[in-house]
Peer 1: 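I have a structure I would like to understand better, so I am pasting it below and will then ask my questions one at a time.
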Amino acid sequence: MIQACKTVQQSTLRVGDLLLERGLITQEQIESALEHQNNDDKRRLLGEVLVELGYVTQEQVMASLADAYGVPFASLNSQIVDPNVFELLDDEYIRKQHVLPLFKIHGKLTVAMSEPANVFVTEEIERKTNCEVQVVAATTQDISRTYTSKSSAKDILVIDELVDDIEEADLRLTEQSVEEISDIEHTANESPVIRLVNGIIFGAVKEVASDIHIEPDEDQLRVRYRIDGRLFEKANPPIGMLPAIVSRIKIMAAMDISERRIPQDGSISVIVNKRQIDLRVSTMPGKQGEKVVMRIIDRSNAQQNLSQLGFSQEMLFRYERIINQPNGIILVTGPTGSGKSTTLYASLNEINSDEINISTVEDPVEYSIKGMNQFQVNDKAGFTFANALRSLLRQDPDIIMVGEIRDKETARVSTQAALTGHLVMSTLHTNDAASAVTRLIDIGIEPYLVAATIRGVLAQRLIRKVCTHCKTKIDYTTESLNAIELLTASKHQMIDAYHGVGCSACRYSGYAGRLGVYGLLTPDEEILDLIAKNAGLQTLKHTAIENNSFITLRDDGVEKIQAGLTTIEEIVRATSA
């Protein structure tokens with residue numbers, strides 16, 4: 001209750017002062033709102049008047065108040081709600097008090113409140129639920145909307161409190177092979193298997209893994225996590241557990257457990273450490289049994305901004321300039337798993353506002369972003385990228401994000417959209433930024449149309465960061481000098497370089513975490529003229545570099561080496577032709 005008392009003291013802060021402190025409004029706007037408030041017979045709060053006048057959003061008001069109260073602010077959706085906790089409070093109380101129970105972890109109930117400073121309501125909820133309450137602030141509209149759609153949260157699993165140590169005796173229960181589907185389903189729902197699968201997911205999220213691999217071999221079962229782009233072996237359950245483990249995952253992902261002859265895809269949503277995590281599940285039959293790979297998608301990544309992705313100051317300035325263009329095509333290129341989607345989402349977050357209509361066509365929709373219209377393609381139903389784009393153009397969009405340009409038809413419709421006043425963002429698989437231009441021409445787009453629509457191309461890779469706990473400056477060896485020469489194309493230019501010697505914090509790899517390395521092409525008039533004339537790739541590259549219109553991946557990589565963020569070897573590996 002000490003925290004609650006502190007909250008009440010903080011609630012005496014005036015909302016106008018809070019918004020003014022954060023630079024969200026001006027003194028003139030406050031005075032204008034006060035004048036409206038004084039002339040209003042409804043005796044509304046200043047925050048309500050500021051929102052009505054369009055000076056701030058309700059989310060900005062609530063986030064500022066939450067910060068002052070010392071509680072988190074939450075932007076709600078039904079996907080983060082555990083439907084089981086709705087039974088703890090009756091519907092009438094939820095509607096009357098504008099509160100919403102979200103989830104319970106280790107006996108602590110998290111509740112969204114539109115008045116987070118109201119300690120009396122907090123104490124009343126604690127008495128009603130017999131739980132310790134953790135308050136988060138949310139807008140009344142968010143609470144009401146999420147409450148009405150609570151049924152859509154029925155598939156969310158809260159796994160934190162289901163993770164226990166697996167006893168060796170428990171594993172023996174499933175060491176024998178099971179072949180009958182009914183036996184497999186029964187075994188998959190036994191407590192040891194549930195705890196093991198939950199423990200695998202929980203451990204992967206805790207270690208910030210991007211993928212989980214469950215791989216059968218002739219006499220063993222391997223569980224590996226992909227961390228910072230490298231696979232690490234984490235567990236070796238008995239091989240006899242494979243059918244039960246795979247079936248448990250299929251049950252969670254709403255897949256067909258009786259079908260083991262063909263690949264299957266599915267998805268799982270879980271709550272881990274109070275965060276919603278989505279898992280994209282893929283199974284494939286092999287000689288020794290089904291292999292499972294689960295891609296981990298942390299929804300918090302959707303809220304990242306461009307400054308968090310590792311852009312240099314010059315790169316960020318150039319890129320922000322092109323994403324604020326009124327029309328044209330912007331492409332992000334790179335291999336699978338290089339963070340292209342994260343960059344596109346961050347770009348959209350940067351330019352998103354209530355005044356523009358942003359629509360996306362994706363396969364699949366990885367993150368749900370408030371304020372955007374997102375559509376998922378369905379090839380089996382004929383809802384392809386090209387068909388979705390054609391329909392979307394009749395929906396009055398300002399900005400369109402296309403998950404990937406895969407074929408001539410999608411490229412053609414994207415070009416038409418750019419020519420008719422829309423800004424189109426998409427991804428393309430090429431080795432570098434300049435190659436994206438020639439790739440569009442190879443797909444079948446006329447060179448003059450590419451020149452008329454292209455605004456910029458961003459190439460990217462994910463590189464490992466040097467571990468900050470064991471980072472040391474290196475002495476130059478023959479190998480490192482050769483690597484520097486390769487990077488800088490100069491025998492005389494020397495750069496400071498660091499590496500990690502290895503410690504427990506980085507699993508003795510010398511690296512911990514990843515960041516992006518980028519190349520950016522921003523065509524000027526001369527480059528656009530060369531594109532229209534269908535000039536060769538090398539001509540485009542050389543001219544763009546000479547005109548300072550092209551920052552290469554290695555240019556950016558050298559900056560990151562000098563900043564002590566990564567190693568020479570990592571940049572050579574990520575940018576080698």
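From a predicted model like this one, the values you see are computed outputs, not experimental measurements.
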Peer 1: Where is the tightest heavy-atom contact between S338 and L462, given as atom of each residue plus distance?
Peer 2: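 For S338 versus L462, the nearest heavy atoms are O-CG, 3.4 Å.
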Peer 1: State, to 0.1 Å, how close A433 and V457 come at their nearest heavy-atom pair, and which atoms those are.
Peer 2: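 Answer, listing the atom of A433 first, then V457: O-CG1, 3.3 Å.
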Peer 1: Please name all residues satisfying side chain to side chain donor-acceptor pair (under 3.5 Å) with E124, sequence neighbours left out, ordered by chain then number.
Peer 2: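 With sequence neighbours excluded, E124 shows a side chain to side chain donor-acceptor pair (under 3.5 Å) to Y93, given in chain and number order.
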Peer 1: Got a donor-acceptor contact below 3.5 angstrom from the H422 side chain to the A417 backbone?
Peer 2: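 The answer is yes, because a donor-acceptor pair under 3.5 Å joins these two groups.
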Peer 1: Between the side chains of D396 and N357, does any donor sit under 3.5 Å from an acceptor?
Peer 2: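 N357 and D396 do not have a side-chain donor-acceptor pair below 3.5 Å.
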Peer 1: Determine whether S426 and S414 satisfy the following criterion, side-chain contact (heavy atoms from CB on, under 4.5 Å), listing intermediate values before the conclusion.
Peer 2: CA-CA 9 Å; S426 188; S414 298; 5.7 Å; no
Peer 1: Can you list the residues that meet the salt bridge (charged side-chain N to carboxylate O under 4.0 Å, His left out) rule with R318, with sequence neighbours excluded?
Peer 2: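 R318 satisfies salt bridge (charged side-chain N to carboxylate O under 4.0 Å, His left out) with E314 once adjacent residues are dropped.
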Peer 1: Just how far is it from atom CG of L50 to atom CG of L19, taken to the nearest 0.5 Å?
Peer 2: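 One gets 6.5 Å once the value is rounded to the nearest 0.5 Å.
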Peer 1: Got a sec, which residues hit salt bridge (charged side-chain N to carboxylate O under 4.0 Å, His left out) with R295, two or more places apart in sequence or on another chain?
Peer 2: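 Only D211 meet the salt bridge (charged side-chain N to carboxylate O under 4.0 Å, His left out) criterion with R295.
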Peer 1: Any non-hydrogen side-chain atom of L458 less than 4.5 Å from a side-chain atom of L331?
Peer 2: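 Counting from C-beta outward, L458 and L331 never come under 4.5 Å.
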Peer 1: Looking only at heavy atoms, what is the nearest atom pair of I212 and I201, with distance?
Peer 2: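 Shortest heavy-atom contact: CD1-CA, 4.1 Å.
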Peer 1: May I ask you to test the E570-V466 pair for a side-chain heavy-atom distance under 4.5 Å?
Peer 2: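 Result no, sub-4.5 Å side-chain heavy-atom pair not found.
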Peer 1: Under the side-chain contact (heavy atoms from CB on, under 4.5 Å) rule, what do I358 and M401 come out as? Steps first, then yes or no, please.
Peer 2: CA-CA 8 Å; I358 298 179; M401 192 267 270; 5.8 Å; no
Peer 1: Within this structure, what is the CD-CD1 distance for the pair Q60 and I25, rounded to the nearest 0.5 Å?
Peer 2: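 Going from the CD atom of Q60 to the CD1 atom of I25 covers 10.0 Å.
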Peer 1: Distance check, rounded to the nearest 0.5 Å: S359 atom OG versus D398 atom CG?
Peer 2: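 Interatomic distance, S359 OG to D398 CG, rounded to 0.5 Å: 8.5 Å.
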Peer 1: Applying salt bridge (charged side-chain N to carboxylate O under 4.0 Å, His left out), name anything that partners R390, two or more places apart in sequence or on another chain.
Peer 2: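 Expected list: E409.
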Peer 1: Distance-only, no hydrogens or angles: does the T427 side chain make a donor-acceptor pair with backbone N or O of G403 under 3.5 Å?
Peer 2: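 Yes, because the side chain of T427 sits within donor-acceptor range (under 3.5 Å) of the backbone of G403.
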Peer 1: Judged by modelled atom types alone, do T343 and Q460 share a side-chain donor-acceptor pair under 3.5 Å?
Peer 2: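 Side chains of T343 and Q460: pair found under 3.5 Å.
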Peer 1: Which residues pass the side-chain contact (heavy atoms from CB on, under 4.5 Å) test with T430, not counting sequence neighbours?
Peer 2: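 With neighbours one apart ignored, the set is T333, L428, S435, A436, R439.
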Peer 1: Decide yes or no for L419 and T453: does some side-chain heavy atom of the first lie under 4.5 Å from some side-chain heavy atom of the second?
Peer 2: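 Counting from C-beta outward, L419 and T453 do come under 4.5 Å.
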Peer 1: Using distance only, find each side-chain donor-acceptor pair of residues 511-523 under 3.5 Å and give its atom names and separation, not counting sequence neighbours.
Peer 2:
unit_1 : atom_1 : unit_2 : atom_2 : d
Y511   : OH     : T567   : OG1    : 2.8
Y518   : OH     : L309   : O      : 3.0
T522   : OG1    : S549   : O      : 3.4

Peer 1: Do the non-hydrogen side-chain atoms of M372 and N349 ever get within less than 4.5 Å of each other?
Peer 2: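 Yes, their side chains come closer than 4.5 Å.
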Peer 1: Flag the pair T360 / L348 as yes when at least one side-chain heavy-atom distance between them is below 4.5 Å, and no otherwise.
Peer 2: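 Yes, at least one pair of side-chain atoms sits under 4.5 Å.
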Peer 1: Is R554 reaching over with its side chain to a backbone N or O of I571, donor-acceptor style, under 3.5 angstrom?
Peer 2: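 A pair under 3.5 Å: no.
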Peer 1: Within the structure provided, determine whether H429 and K340 are in side-chain contact (heavy-atom separation under 4.5 Å).
Peer 2: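 Answer yes - side chains close enough.
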Peer 1: Kindly write out the residues that satisfy side chain to side chain donor-acceptor pair (under 3.5 Å) with E207, not counting sequence neighbours, or none if the list is empty.
Peer 2: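 For E207 the side chain to side chain donor-acceptor pair (under 3.5 Å) partners, ignoring immediate neighbours, are K234, R507.
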Peer 1: Not counting sequence neighbours, which residues clear salt bridge (charged side-chain N to carboxylate O under 4.0 Å, His left out) with E404? List them please.
Peer 2: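 With neighbours one apart ignored, the set is R406.
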Peer 1: Could you tell me whether the side chain of P116 reaches within less than 4.5 Å of the side chain of L65, counting heavy atoms only?
Peer 2: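 The answer is no, as the side chains (C-beta and beyond) never meet within the 4.5 Å cut-off.
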Peer 1: Report yes if some heavy atom in the side chain of L528 is under 4.5 Å from a heavy atom in the side chain of I454; otherwise report no.
Peer 2: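 The answer is yes; the side chains approach within 4.5 Å.
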Peer 1: Side chain of Q308, backbone of N305: donor and acceptor closer than 3.5 Å?
Peer 2: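 At least one qualifying donor-acceptor pair exists.
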Peer 1: Return yes if some donor-acceptor pair links the side-chain N/O of N324 with the main-chain N/O of E320 below 3.5 Å, else return no.
Peer 2: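 Yes.
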Peer 1: Take atom CD of E115 as the centre, draw a 6.0 Å sphere, and report whether it contains more than 12 heavy atoms from other residues, nucleotides or ligands.
Peer 2: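 No, because the 6.0 Å sphere around CD of E115 holds 12 heavy atoms or fewer from other groups.
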Peer 1: Over all heavy atoms of both residues, which pair between L306 and A346 is shortest? Give the atoms and the distance, please.
Peer 2: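 Minimum heavy-atom contact is CD2-CB, 3.8 Å.
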Peer 1: Which residue pairs satisfy the salt bridge (Lys or Arg N to Asp or Glu O under 4.0 Å) criterion with at least one member in residues 127-137, sequence neighbours excluded?
Peer 2: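 Of all non-adjacent pairs touching residues 127-137, those that pass salt bridge (Lys or Arg N to Asp or Glu O under 4.0 Å) are K108-E132.
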Peer 1: Supply the atom-to-atom distance I227 CD1 to C506 SG, rounded to the nearest 0.5 angstrom.
Peer 2: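 Reported value, rounded in 0.5 Å steps: 11.5 Å.
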Peer 1: Compare every heavy atom of V424 with every heavy atom of A418, then report the nearest pair and how far apart it is.
Peer 2: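 Here A418 and V424 meet closest at N-CG2, 4.0 Å.
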Peer 1: Run the side chain to side chain donor-acceptor pair (under 3.5 Å) test against S391 and tell me which residues pass, sequence neighbours left out.
Peer 2: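 So S391 forms no side chain to side chain donor-acceptor pair (under 3.5 Å) with any residue.
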Peer 1: May I have the step-by-step check of side-chain contact (heavy atoms from CB on, under 4.5 Å) for D228 and K465, ending in yes or no?
Peer 2: CA-CA 9 Å; D228 297 338; K465 294 195 294 185; over 6 Å; no
Peer 1: Is the backbone N or O of F383 less than 3.5 Å from a side-chain atom of N387, with the two atoms forming a donor-acceptor pair by type?
Peer 2: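 The answer is no, because no donor-acceptor pair under 3.5 Å joins these two groups.
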Peer 1: When you look at CD of Q27, are more than 12 heavy atoms from neighbouring residues, nucleotides or ligands closer to it than 6.0 Å?
Peer 2: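 More than 12 heavy atoms, drawn from other residues, nucleotides or ligands, come within 6.0 Å of this atom.
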Peer 1: Supply the atom-to-atom distance Q134 CD to T110 OG1, rounded to the nearest 0.5 angstrom.
Peer 2: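 Atom-to-atom, Q134:CD and T110:OG1 are 5.5 Å apart.
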Peer 1: Does K560 use its side chain to pair, donor to acceptor, with the backbone of I463 at less than 3.5 Å?
Peer 2: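 No; judged by distance alone, with no hydrogens or angles, the pair does not exist.
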Peer 1: Side chain to side chain donor-acceptor pair (under 3.5 Å) with S341: which residues, sequence neighbours excluded?
Peer 2: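 In terms of side chain to side chain donor-acceptor pair (under 3.5 Å), with neighbours along the sequence ignored, S341 is linked to no residue.
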Peer 1: Looking only at heavy atoms, which two atoms of S32 and Y55 are closest? And how far apart?
Peer 2: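 Heavy atoms of S32 and Y55 come nearest at OG-OH, 3.2 Å.
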Peer 1: Give the C-alpha distance, both sets of side-chain angles, the deciding distance and a yes or no for side-chain contact (heavy atoms from CB on, under 4.5 Å) between V111 and T129.
Peer 2: CA-CA 11 Å; V111 180; T129 62; over 6 Å; no
Peer 1: What residues form a ring pair (Phe, Tyr, Trp, His ring centres under 6.0 Å) with Y319, not counting sequence neighbours?
Peer 2: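 For Y319 the ring pair (Phe, Tyr, Trp, His ring centres under 6.0 Å) partners, ignoring immediate neighbours, are F311.
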Peer 1: Which distance, rounded to the nearest 0.5 Å, do you find between the OG of S210 and the CD1 of I297?
Peer 2: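 Those atoms lie 10.5 Å apart.
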